[in-house]
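Just below is one structure, and these are the notes that go with it.
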Amino acid sequence: MKRIVMAGLVALALVAAACGTGGDGQQQSAPTSVRLITHDSFDLSPEVLAAFEQRTGITVELLAGGDAVSVVNQAILTAGNPVADVLFGIDNNQLAAAFDAGVFEPYTPADIGTLRPGVTDGTDGLVTPVDVGDVCVNYDREWFAERQLAPPQTLGDLVDPAYADLLVVQNPASSSPGLAFLLATVAAFGADGFEGYWEQLVDNGVEVTEGWEQAYYDGFSGGSGEGDRPLVVSYATSPPAEVFYAETYDPDALPEVGPTGVAVDTCYRQVEYAGILAGSSNLEAARQLVDFLISTEVQADLPLTMFVEPARADVELPAVFVAYAAEPGELWSLTPDEVAAGRDGWVSQWRRVVLG
Amino acid sequence: MRRAPLGPLLLVIPALFIGALLVWPLAAVAERALRPGGGVDLDASLVPVVWFTVWQAAASTVLTLAVGLPAAWLFARVSFRGRNVLWAAMVVPFVLPTVVVATAFTGLGAPRGTVWTVLVAHAFFNYAVVVRVVGVAWAGLGRGPAEAAAVLGANRLQVLREVTLPMLAPSVLAAASVVYLFCFTSFGVVLLLGGSRLRTIEVEVYERLRLLDLGTAATLALGQLALVGVLLVVAGRWSQRWSLTGDPSRSEARPVSGWGQRLGMVAVLTSMGVLLGLPLASLVWRSVRTGSGVGLQYWTSLGEQRGVLFASPLQALANSLVMASVATGLALVVGVLAVAGVVAIERRRGRTRVTASFDAVLMLPLGASAVTVGLGLLLAFSTPPLDLRGSVVMIPLAQALVALPFVVRIMLPAARAIDHRVRDAAAVLGASPLRVVLEVDAPMLARPMAVAAGFAFAVSMGEFGATLVLARPDLPTLPLTLARLLGQPGAVNRGQAMAVATLLMVVTAVVVLVADRGRVDGGRNVDA
């Protein structure tokens with residue numbers, strides 16, 4: 001019996017030792033390092049990040065926790081004892097839940113006045129807008145040109161029998177563009193009307209996939225998509241990405257139009273924010289990092305790294321962006337409180353109507 | 001001097017491993033779910049979900065056995081050109097992220113959202129489990145019993161039914177239980193290929209977690225675990241009806257002879273080509289198909305760190321290799337200790353309730369909800385000195401946890417099969433216990449261990465769910481790199497994603513080929 005106890009103690013010591021070695025890599029809250037947790041689509045040019053590190057002497061440690069929804073959920077569940085000092089990537093649909101859970105420490109950067117009008121709505125001095133990425137229906141130009149059919153422009157067009165069996169959307173329960181598109185329909189047709197709209201979409205042959213990748217690459221026929229449907233829910237900035245990441249991309253010989261376009265009256269506004277996590281032991285460095293995220297260097301870098309529009313009004317956009325990013329027409333939006341109160345119910349209603 | 005019983009001692013580390021990385025995280029999620037404000041929202045709409053989970057896993061297992069068992073025969077009994085390469089290559093599906101497999105299947109015209117697509121995809125992923133696990137056991141049977149039965153007048157069918165199948169039953173059951181659990185908790189395949197209408201419990205858990213409905217998610221995850229527990233106990237009872245003795249290190253493959261064998265070989269290789277070859281080849285093809293014909297431009301840029309990526313795909317490959325190797329080592333150490341402990345107890349007392357339940361516990365990482373465990377790890381390891389969130393060690397630990405059941409399921413039947421008379425004889429002739437292990441057990445277990453290492457490596461290379469939650473963008477693994485590439489529109493991103501998928505396949509196949517030491521038969525042949 002004694003030996004069993006001994007062996008147990010030895011094993012425990014081994015585990016503790018193993019954990020200890022792991023801890024070394026963490027550089028726990030050394031004053032010169034700051035942890036930034038983001039979603040898996042976060043991107044920034046390495047030289048931009050390096051310049052910040054050199055200037056401030058602060059090392060940025062990056063953490064990822066899956067897509068935006070999982071990152072924010074994790075922040076809510078670990079509120080007060082955060083994994084990182086700063087979170088980037090929470091969007092307007094998730095703000096209310098995070099605020100209720102006390103995820104963020106108040107902070108307003110000095111540069112807040114340089115941001116585009118409206119983007120700071122509902123931030124309560126807790127988070128700072130970093131970029132705008134509208135979710136819109138994209139269309140395959142060639143497909144519609146070949147058939148001499150005008151591409152749809154509005155949500156109403158999508159239920160027109162002329163566009164039957166053409167649209168791919170994502171499940172709002174598992175995909176954030178899918179959720180944004182559902183919210184666009186709620187904003188457009190109201191909490192009582194959106195179910196009826198979706199019934200019509202189902203009658204008109206809408207296809208549902210779980211994630212954006214499948215909808216775009218396997219379902220959509222335009223650009224780099226290999227599917228057979230010419231309409232897909234994606235981003236307002238997907239058309240410039242198609243041109244920029246085409247094999248034939250040449251900044252001096254840009255094509256007149258890209259392979260895909262945007263149905264401009266179908267867009268739902270999504271703003272992405274950064275915030276300091278409450279309980280961070282590293283407030284000074286965290287503040288500098290948030291300031292940096294809305295600095296002109298980062299804001300000018302965002303369009304061609306994450307394919308989003310900068311929140312700052314005073315940065316110049318790259319030519320490929322100006323030429324192909326659609327300026328949305330009628331923008332659908334809901335307030336964070338409306339989304340927080342309605343989201344779960346709308347998603348279950350959607351499931352009943354669309355999945356049966 | 002009385003020797004202390006060794007068995008229970010050996011089980012301490014495996015028990016701590018499962019306890020810390022599986023039980024504790026699940027308990028952490030359950031504890032969060034019990035806090036005020038939560039609730040459990042279970043309704044009748046879940047009944048079809050549970051039913052679908054149960055029957056699709058059964059159907060997938062039957063389908064996988066149907067295509068896998070003939071192949072196990074071929075690889076065990078017939079030597080043919082290319083056998084070693086195919087033996088290693090068949091584990092490749094394991095490392096492929098579901099997103100890529102979904103692309104391959106959709107590209108080949110498989111309709112999304114049908115049950116058949118889901119079942120075939122499950123067979124695609126699990127083929128190697130059946131072929132390699134049963135194949136090794138089949139090779140180890142030798143021809144003696146079957147030939148003796150034939151001499152005594154049994155026809156081929158009788159030999160198969162009365163002699164071969166009963167002797168293979170433990171390994172078939174081992175493979176089937178791994179496949180069943182894999183499909184039971186299937187997530188990516190059902191999510192991506194099942195359309196949104198087909199749902200397993202795991203898909204339901206995932207969606208509830210996204211809605212932060214922890215109460216329902218935790219209840220479902222624990223319910224799933226309980227169901228898995230029941231299934232494992234039933235399977236365990238069943239497997240006690242058979243006992244297999246043989247030498248898992250031996251092989252009696254001979255060149256193909258006779259029309260029957262030739263026909264069988266053609267049938268097996270054709271089905272393998274359709275099930276595995278076509279989808280894999282379609283990915284390779286996509287990696288070289290460019291806008292201007294066939295070219296290698298997606299390949300030549302793999303060393304570059306382009307806009308979308310934090311590290312070049314080659315750097316990510318290096319990260320993956322290091323993490324998967326550490327994970328494989330961990331899984332083998334923990335797995336071998338567990339197997340040794342269980343077998344040591346069984347040698348003294350026979351199969352007891354304790355060994356049976358420990359055996360079941362070792363399988364739980366396959367039956368537990370991966371998304372819940374991933375979240376639980378973050379909640380559990382959140383207070384100093386065990387605040388391991390964001391630490392690099394979490395990734396190989398999580399990978400090793402997922403790989404452990406494969407190691408145990410492959411090694412345990414083989415270890416049980418070692419003829420105790422050989423060990424006893426060695427001991428009587430004066431060999432020390434250590435020498436018995438080194439000279440009797442180790443050589444006989446070398447081949448199953450190589451097979452187990454191959455699976456552990458492939459599972460770790462491809463592990464995606466836990467890695468996604470625990471990942472660090474500056475240290476991406478190859479599957480994460482692939483996911484990032486597919487996260488942006490554009491032909492270049494898509495093409496390079498396919499090149500990364502192909503790289504992942506080739507590297508895994510090569511490593512497994514080396515682990516097998518280049519031969520289906522392992523390094524030695526005791527019949528010679």
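Order of the sequence lines sets the chain letters (A, B, ...), proteins ahead of strands, with each chain counted from 1.
If you measure heavy-atom distances from B:L486 to chain A, the contacts under 4.5 Å come from both the backbone and the side chain. Within the 4.5 angstrom heavy-atom criterion, only side-chain atoms of B:Y206, from C-beta onward, approach chain A. Heavy atoms closer than 4.5 Å to chain B are found in both the backbone and the side chain of A:S238. In this structure, the portion of A:A246 lying under 4.5 Å from any heavy atom of chain B is its backbone and not its side chain. The contact between B:T106 and chain A is made entirely by side chain atoms (from C-beta outward), counting heavy-atom distances below 4.5 Å. Only the backbone of A:P82 comes within less than 4.5 Å of a heavy atom in chain B; its side chain stays farther off. When heavy atoms are compared at a cutoff of 4.5 Å, B:R32 approaches chain A solely by way of its side chain, counted from C-beta outward. Looking at B:L209, the atoms closer than 4.5 Å to chain A (heavy atoms on both sides) all sit in the backbone: N, CA, C or O. In this structure, the portions of A:Y217 lying under 4.5 Å from any heavy atom of chain B include both its backbone and its side chain.
Annotation: maximal heavy-atom pairing with chain B below 4.5 Å, among A:G223, A:P46, A:A84, A:S174, occurs at A:S174. Contact tally against chain B (heavy-atom pairs below 4.5 Å) for A:V354, A:V208, A:N73, A:V69: the top residue is A:N73. Of the listed residues (B:R210, B:E207, B:Q297), the greatest number of heavy-atom pairs within a distance under 4.5 Å of chain A belongs to B:R210. Interface remark: of the candidates A:V347, A:N171, A:L49, A:N81, A:N81 forms the most heavy-atom pairs closer than 4.5 Å to chain B.
Atom CZ in A:R229 sits 5.0 Å away from atom CD in A:E207 (nearest 0.5 Å). Here the CG atom belonging to B:L379 is positioned 8.5 Å from the CD atom belonging to A:Q74, to the nearest 0.5 angstrom.
When all heavy atoms of B:P25 and B:A20 are compared, the pair lying nearest together is CD-O, 3.2 Å. For the residue pair A:E242 and B:A491, the shortest heavy atom distance occurs at OE1-N, 4.5 Å.
Under the 3.5 Å distance criterion, with hydrogens and angles disregarded, a donor-acceptor pair is assigned to the side chains of A:S280 and A:D85. Side-chain atoms of A:D228 and A:S221 form no donor-acceptor pair, as typed in the model, at a separation below 3.5 Å. For the 3.5 Å distance criterion, the side chains of A:E247 and B:Y298 qualify, holding a donor opposite an acceptor.
Between B:F381 and B:W24, the ring-plane angle classifies as perpendicular under the 30° and 60° cut-offs.
Centroid-to-centroid, the aromatic rings of A:F220 and A:Y139 stay 6.0 Å apart or farther.
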